[in-house]
Structures are given as structure tokens and as C-alpha cells.
Amino acid sequence: MTADLSRRRTAVFVLFFVPGLTISSWVTRTPDVRDLLHASTAQMGLILFGLSVGSMAGILCSGALVARWGARLVVLAGTTAIAAGAALIGVGAGTGTDLGVALGLGLFGLGMGGGEVALNVEGAEVERLLGRSTMPAMHGFFSLGTVVGALAGMCLTAVGFPVLVHLVTVAAVALAALALVIRSVPAEVGRRTAAERWEPGAARSGTVWRDPALLLIGCVILALAMAEGTANDWLPLVMVDGHGFDAALGSAVYAVFAAAMTVGRFVGGRFVDRYGRAAALCGSALVGAAGLALVIFVDNQAVAAAAAVLWGLGASLGFPVALSAAGDSGPDPAARVALAATVGYVAFLVGPPSLGYLGEHFGLRHALILVLALVVAAVFATPAARSPRGARDAEPVRG
């Protein structure tokens, strides 16, 4: 591996770590934010809808932006928006302003949606150059960021540290990390010339949308991203309201979930290289379904905390492995990765408000049955992740 490629891979690792750190810093403070806003479960669902709207706006624009400007500029803008959104969430919570928190979540989601799609395009290209399964480890750094953020958030929640100061500090750390590594990301990845964007044969999005295998891979991403996103949005509150934990212990369970995600992603690449993507995705979905079922149906705190490990392990490989499969499913991998990620991020649009609505009427634990059903259904779509060329999953590790 050349020095330039090594720096490029390191930059991707850092750029995945930053949003993980930021989102878990917000998630662990959701009980405090809810109390500062005096919001009900349904109101929190509406506030979280700002995250959904921002995410989908970023996602829907990201493919065209990457094609025009390249992945680096979109990652730069997205990470900046993530940091600014975190700071605004803190200000909104500190002043007790529902709209401020919702707008901060919208800006945060805009950066996550657009920036993360572009970062996955860059990550898929780095994985191709390395010649081995690397996307799980890249997403592992996202999960590592969530662990660090969750542990810090748990401690700060326990001592009553101000939400405003916490989130503004995290925003400053995110901007500093971005400044250190963004130069190592090439500007041209994903970029197409004006002629390529406008020529009739280059209307690739319409073509890839008609690929049945890609759509099935998108369904797997949708389900397992829903499982991951549900934990990011609701797990502390599920533990507090559904299983009787206090706020600090609810954050601790989220930290356990994030740790399980991290372990699964750092060790999962070896499993993918040995057994193939389809087997990895099927195993992930089954383990995740088991964890969700235990959280929903077993009324025991110890079981719920242990089930968070299964939930995290099950959700860990879904998004990165399915994105790799999407990029390898046919020509124009950048467009395929962008479109598969778009399908998956629909979970961030429908998840928070629908679970908030269901939780208000049936309780948060029973609301998770919707997520469980999607994950079980995803098991039957995982064979689509087998490479149509029949060789990718069995390639020897190089470099």
C-alpha cells in the first residue's frame, strides 16, 4: 500500500469517526433534552422529524452534487453542517426552544445525509484500490466514535453537565478533525464531466433503479439501517420508559449497543472475506432480529441490556456490507452506492416520527415490532448481495 493510499484510508477512518462521535453525543443527551424542552414522546417524534427531513434533503441532493463537484467537497460541506447542527441543538436545548433543536437536527441531518453518501462513495473507491473488504472497518470507526461519544455522554449526564457546553465542544472537535484530514481525500472521486452528466447514455440513475438485485440490496440496507437508526434515535428512551432504567443507565445501555456495533464492524471484514457478503448479511439480520425480539418481549432489565449487544452485532454489518455489494453489482459503482444509500436512508425519514407515533399509543417497546418485522424480511433478500460476476466474494486478500 502506497503512502498516499494509506493517508487516504486514514482520512476516511477519521471522517467516519467524526459523525459517530457527534451523533452519539446528541443521542445520550436525549433524555436531558426532552426534559429541558418538557416534550412528550409524540413531541419528541416531531422534533426528531427535523433530522429525517434534513437527512433526506441531503441524500436526494448528494448524488448530483458528487457528480458535479466530487466527493471531497460534499464531505467537507456535510461534516461542517454536522458540527454546526450539533452546536445549534445544544443552543436550542439550553434555551428550551423546540424549534431550535428541530432546526439543529435538520442541519445535522443535512450534513449526515449528503456527507455520508459522498463518504461512502470515497470509501468504496478506497476499498476497491485496497482489494479487500474494508468498508466494515470504515463504518467501524463510525461506531467507535459512537462509543467514545456515548461513554462521555453517559458520564456527563450522570454529573448533570450542561447540554449546551457539551454539544458545542463536540462541534469544535469535529471541525478540528475535519481540517486535519480533508486534504488527503482526492477531489475527483465521483465527479463526472458536464458532457458525461448530460449525454443520454449517462442517465445512469434511471438504469440502476431498474436493477432488481440492486433494489433488493437496498431493501436489506433499509431494514438494517432502520435497526441501527432506531437505536440511535430511541434506545436510551426505550430503556428509560420501556424498562425502567434511569437516564444515566439508559445512556449506558446505548454505549453497550455502540460497543457491539464497533466490535462487529472491526471483526466482520474477515467474516465477509471468508464466507461472502450474502452470508454475512443473513447472519447480521438474524442476530439483530433476536436482539430486538428480546428487548420487545422480555420484561427484564438484565435481558434488555444483554439484548442490546445482539441488536448492535446484528446491525453492525448491514449498511457497510450491503453498500459494498451495491457498488459491485454492475457498472458505475459510484451511482450504485449513492442510490443504495438513498434507499437505506429512507429509514431516517420514516423511522423517528412513525416510532414516536406508535410509541405514544402502544409504548416504545411495542413500536419496535415494526423494526423487527423489517429485519426479519431482510433475511430473505440477502441472497441478492452475491456478486453477479461470481468472483468478488471469493477474491484473495491483497496488499
Side-chain angles (χ1 to χ4, degrees), residues 16-17 19-34 136-137 139-159 161 166 170 224-268 271 283-320 351-352 355 359 363-365 367-368 371-372 375:
F16 269 107
F17 179 89
L21 173 71
T22 312
I23 195 169
S24 64
S25 298
W26 138 251
V27 169
T28 53
R29 304 311 298 267
T30 49
D32 289 331
V33 171
R34 180 186 62 177
H139 285 255
F141 274 88
F142 176 91
S143 297
L144 180 61
T146 66
V147 171
V148 173
L151 290 173
M154 178 183 66
C155 295
L156 296 175
T157 297
V159 301
F161 193 80
H166 178 194
V170 169
L224 294 180
M226 184 80 160
E228 179 181 351
T230 296
N232 289 336
D233 288 332
W234 290 108
L235 185 55
L237 290 178
V238 169
M239 293 298 143
V240 171
D241 294 348
H243 285 286
F245 288 85
D246 63 28
L249 286 176
S251 295
V253 174
Y254 175 73
V256 168
F257 167 87
M261 288 275 295
T262 303
V263 171
R265 285 174 168 171
F266 279 122
V267 305
F271 186 92
S284 289
L286 289 171
V287 172
L292 278 162
L294 290 171
V295 169
I296 295 167
F297 298 115
V298 179
D299 190 12
N300 181 282
Q301 289 187 339
V303 171
V309 176
L310 295 177
W311 187 349
L313 289 173
S316 64
L317 294 183
F319 202 57
L355 290 175
L364 282 174
R365 281 171 57 189
L368 295 178
V371 184
L372 175 61
V375 173

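For Phe245, there are no ring-ring contact (aromatic ring centres under 6.0 Å, His included) partners at least two apart in sequence or on another chain. Residues meeting the ring-ring contact (aromatic ring centres under 6.0 Å, His included) test with Phe257, sequence neighbours left out: Trp311. Applying the side chain to side chain contact (heavy atoms under 4.5 Å, CB included) criterion to Ser316, with sequence neighbours excluded, gives Met261, Arg265. With sequence neighbours left out, the side chain to side chain contact (heavy atoms under 4.5 Å, CB included) criterion links Leu372 to Ala289, Leu292, Ala293, Ile296, Phe297, Val376. Not a single side-chain hydrogen bond (donor to acceptor under 3.5 Å, both in side chains) links Thr30 to another residue, sequence neighbours left out. In this view, Ala305 and Val253 satisfy the side chain to side chain contact (heavy atoms under 4.5 Å, CB included) rule, not counting sequence neighbours. Annotation: ring-ring contact (aromatic ring centres under 6.0 Å, His included) contacts of Phe141 (sequence neighbours excluded): Phe13, Phe266. For the salt bridge (Lys or Arg N to Asp or Glu O under 4.0 Å) test, residues two or more places apart in sequence or in another chain that qualify with Asp299 are Arg365. Leu313 is linked by a side chain to side chain contact (heavy atoms under 4.5 Å, CB included) to Ala260, Val287, Val309, counting only residues two or more places apart in sequence or in another chain.
The aromatic rings of Phe16 and His139 sit tilted, their planes meeting at an angle between 30° and 60°.
Between the side chain of His243 and the main chain of Gly250, no donor-acceptor pair closer than 3.5 Å is present. In this structure, Thr28 contributes its side chain and Ala150 its backbone to no donor-acceptor pair below 3.5 Å.
In plain terms, the two heavy atoms of Thr262 and Leu144 that are nearest each other are OG1-N, 3.2 Å. Nearest heavy atoms, Ala231 versus Pro236: O-CD, 4.0 Å. The two residues Val240 and Ala247 make their nearest non-hydrogen contact at CG2-CA, 4.0 Å. Of all heavy-atom pairs spanning Thr22 and Val170, the tightest one is CA-CG1, 3.9 Å.
Here OG1 of Thr157 is found 5.0 Å from CG of Asp32. Values are rounded to the nearest 0.5 Å. Note that CD of Glu228 is 11.0 Å distant from CG of Leu317, once rounded to the nearest 0.5 Å.
Residue pairs meeting the salt bridge (charged side-chain N to carboxylate O under 4.0 Å, His left out) criterion with at least one member in residues 248-261, sequence neighbours excluded, do not occur. Under the salt bridge (charged side-chain N to carboxylate O under 4.0 Å, His left out) criterion, no residue pair touches residues 144-153, with sequence neighbours excluded.
Residues Ser24 and Val147 have side chains not in contact (no heavy-atom distance under 4.5 Å, counting atoms from C-beta outward). Taking 4.5 Å as the limit, some side-chain heavy atom of Trp26 sits within range of a side-chain heavy atom of Val33. By the 4.5 Å heavy-atom criterion applied to side chains, Val375 and Met226 are not counted as neighbours. Annotation: side chain of Ile23 is in contact with side chain of Phe142 (closest heavy-atom distance under 4.5 Å).
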message: The test is side-chain contact (heavy atoms from CB on, under 4.5 Å); show your working for Phe319 and Leu224 and say whether it passes.
response: CA-CA 7 Å; Phe319 202 57; Leu224 294 180; over 6 Å; no
